[in-house]
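Every chain is numbered from 1, with letters handed out A, B, ... down the list of sequences. Everything quoted here is computed from the prediction, not taken from an experiment.
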Amino acid sequence: MNEQNNEVVAIDENHVIAERREKLKAIRENAQSNGGAAFPNDFKPDYQAAVLHAEFGGFDNEILDPKAVRVSIAGRMMLKRVMGKASFATVQDSSGRIQLFISKDNLTDENSEAIYDAFKHWDLGDIIAAKGVLFKTKTGELSVKVSELRLLTKSLRPLPEKFHGLQDQEVKYRQRYVDLIVSEETRATFIARSKVVAAIRSFMLDNQFLEVETPMLHPIPGGASAKPFITHHNALDMQMYMRIAPELYLKRLVVGGFERVFEVNRNFRNEGLSVRHNPEFTMMEFYAAYTDYLWLMDFTERCIRTAAIAATGSAVLQYQGRELDLSKPFQRLTIVGAIQKYAPQYTLAQLNDAVFLRAEILKFGTKPFDHAGLGALQLALFEETAESQLWEPTYIIDYPVEVSPLARASDNNPEITERFELFVTGREIANGFSELNDAEDQAARFHAQMKAKEAGDHEAMYYDADFIRALEYGMPPTGGCGIGIDRLVMMITDSASIRDVILFPHMRAEA
RNA sequence: GGGGUGUUAGCUCAGCUGGUAGAGCAGCGGACUUUUAAUCCGUUUGUCGUGGGUUCGAUCCCCGCACACCCUACCA
């Protein structure tokens, strides 16, 4: 670090930061004259706070004193209480917090006076290290009686107020590092997210699935109905698209003989933001040969239940003050059945009357496409009347062919597909179906999509000739499903906004 | 994209239907050898988001803009 750099950094300087820079300057000068480093990296802690509490928290001083347990710990100083010649400091590491008791008399260094005086000027947020012996204070708190104390990293920016914490949502999202320092709850959320992903991964591996990675840059965006981000490859001078779904690549792998594959990765959709939508979101998508949508529903249900238990210890959760029970078998309803259950004012005759449905949907302020058939109209009414009420896990089945261009049609009814979507807390969490493996039918469906695109449906799919070629080699009968990981984590961690489960959510450029 | 709410010290927040701002924390100085948001005494700090307008005078009223949050739309 040199002087020139300071000008670049000094954007939002204030007197607090200025004071700390002065302290750092003194630390540098002191280090220089002693031949040490201002930012030393020669200290290795041998314990984490939580381990100390777990191993020694149960003992009182009668047991601790004779043991004389010597520990080295390091972390961020979160609280400091100086009382003349003795002080307490609370240090936080990735596992939790531990209290230090620092008294001049206990410091063994020959410069103990100077070290103790220096400590009095260290700031909350500084990274410090200590060695000492465990003991219990008067109030019974396990603490370290410090014999050696060091400052490892000077913190130049003040932390949020120690009691109220970080209240500003914007700062929580833009400066997640600050949020993580001060919010136990935020740390817990992302630890739970990691457990969810780990549990899903091992669940898939336990069920003979192969984890794969398919392209994020697509020459043709496919696998979903969504607006893509467009980018450009310079060397090839070609337009490329950030993937909106991995589906068509994963199915190519099934053609190739990987009969069970899954991928946990990001999808990108160039659409609006909301508490349920981030432009890049994580999806776990999987395909299993010789299975169908009925098998997928059972499997998905077990996968989600397993993930919830791994992260929280229970399949019975609380979401936004309301119980959410994932332990019971998930309900299954057809689109029409769901409308009848949650909007019983409609008669079956009305629900099969395209003219009536079209008029009814308009009342909700949405305009169905001109070419929408009965199934699509029923789906639109379902979305308006029933979807948000599906609190308990519910599979909705019998999606119309016209909105399911990659799904296998039902053998009993060519108008509907063997497809489901899973709704929990009124939100879509998963979408799966028996895959369409008839190459000629798939080609015809792509042609229909192209027509829809020409007719103004911007989200209709492109014709993917290589995917058709792959299907022409023969894809075994297969079931495939995608689970929205962010929404699943929201549900499991009781988070109201998708931004609370994404470490660095998309934000507008800072003002 | 549309609607609502918000933006005051580094942080958490007050601020009376208009008279150029306060508290707590943090910081700085002092007291204090078992504290728990330590306590006690003293003390520094503000383009009141931003640009206009009304007014003798605007943190306050009006208009625009920026950013955030919530609702809504597209979607998972």
Side-chain angles (χ1 to χ4, degrees), chain A residues 12-20 22-23 61 78-90 97 99-106 116 120-125 135-141 143 145 155-175 178 182 223-228 244-245 266-285 364-367 383 387 403 421-424 427-432 457-459 482-488 490 496-500 505 507-511:
Chain A
D12 56 351
E13 291 288 327
N14 59 62
H15 68 283
V16 180
I17 294 175
E19 298 262 18
R20 292 193 178 200
E22 282 305 309
K23 291 179 187 179
N61 283 331
M78 301 303 288
L79 293 169
K80 191 174 100 167
R81 297 175 287 278
V82 177
M83 301 159 300
K85 298 186 180 66
S87 300
F88 287 95
T90 302
R97 293 181 171 196
Q99 179 171 263
L100 306 182
F101 176 68
I102 303 145
S103 143
K104 212 180 289 191
D105 299 344
N106 293 326
Y116 187 76
K120 288 201 253 181
H121 295 278
W122 293 353
D123 294 294
L124 297 185
F135 79 111
K136 282 273 177 80
T137 63
K138 271 183 189 169
T139 54
E141 180 166 346
S143 307
K145 192 174 287 173
S155 167
L156 294 175
R157 288 178 181 268
L159 292 175
E161 205 252 352
K162 63 188 174 187
F163 185 59
H164 297 93
L166 180 54
Q167 297 298 315
D168 188 330
Q169 278 296 340
E170 184 175 354
V171 175
K172 280 173 83 80
Y173 296 148
R174 283 196 201 278
Q175 295 177 254
V178 177
V182 299
S225 302
K227 293 189 203 81
I244 55 175
R266 225 66 64 79
N267 291 341
F268 305 85
R269 299 192 183 173
N270 206 340
E271 284 152 6
L273 297 94
S274 81
V275 289
R276 272 151 282 152
H277 298 90
N278 196 63
E280 53 180 299
F281 64 100
T282 303
M283 186 93 117
M284 197 282 281
E285 214 167 296
F364 288 98
T366 25
K367 42 195 184 324
E383 285 170 354
E387 180 174 326
V403 298
E421 288 195 359
L422 173 62
F423 294 88
V424 190
R427 288 176 197 147
E428 188 187 340
I429 294 284
N431 174 24
D457 182 354
H458 297 295
E459 294 186 353
I483 299 175
I485 298 300
D486 311 277
R487 288 184 181 180
L488 179 65
M490 283 173 71
S497 169
I498 198 166
R499 294 183 158 187
D500 294 326
M507 300 288 274
R508 230 175 269 265
E510 222 167 326

A:D500 meets the salt bridge (charged side-chain N to carboxylate O under 4.0 Å, His left out) criterion, sequence neighbours left out, with none
Residues passing the side-chain hydrogen bond (donor to acceptor under 3.5 Å, both in side chains) test with A:E271, sequence neighbours excluded, are none
Taken in chain and number order and not counting sequence neighbours, the residues that satisfy side-chain hydrogen bond (donor to acceptor under 3.5 Å, both in side chains) with A:R269 are none
Checking N1-N3 plus N6-O4 or O6-N4 for Watson-Crick, or N1-O2 and O6-N3 for wobble, each under 3.5 Å, the partner of B:G1 is B:U72
ask   = If only side-chain N and O atoms of A:R174 are considered, is one of them under 4.0 Å from the OP1 or OP2 phosphate oxygen of B:A68?
value = yes
Review point. Looking only at side-chain N and O atoms, does A:R81 come under 4.0 Å of OP1 or OP2 in B:A38?
Key: yes
Sorted by chain and residue number, the side-chain contact (heavy atoms from CB on, under 4.5 Å) partners of A:N106 (sequence neighbours excluded) come out as A:F101, A:S103, A:K145
Quick tally for nucleotides 22-30 of chain B: nucleotides whose base has a protein heavy atom under 4.0 Å get B, sugar-phosphate-only ones S, the rest -, giving --BBSSSS-
Quiz item: Hey, is A:F281 doing a stacking thing with B:A76, by the 5.5 Å centroid and 30° angle criteria?
Solution: yes
Closest to the side chain of A:Q167, out of B:C13, B:C71, B:C69, is B:C13
Residue pairs passing the salt bridge (charged side-chain N to carboxylate O under 4.0 Å, His left out) test with at least one member in residues 78-90 of chain A, sequence neighbours excluded, are none
* Side chain of A:E141, base of B:U35: donor and acceptor closer than 3.5 Å? -> no
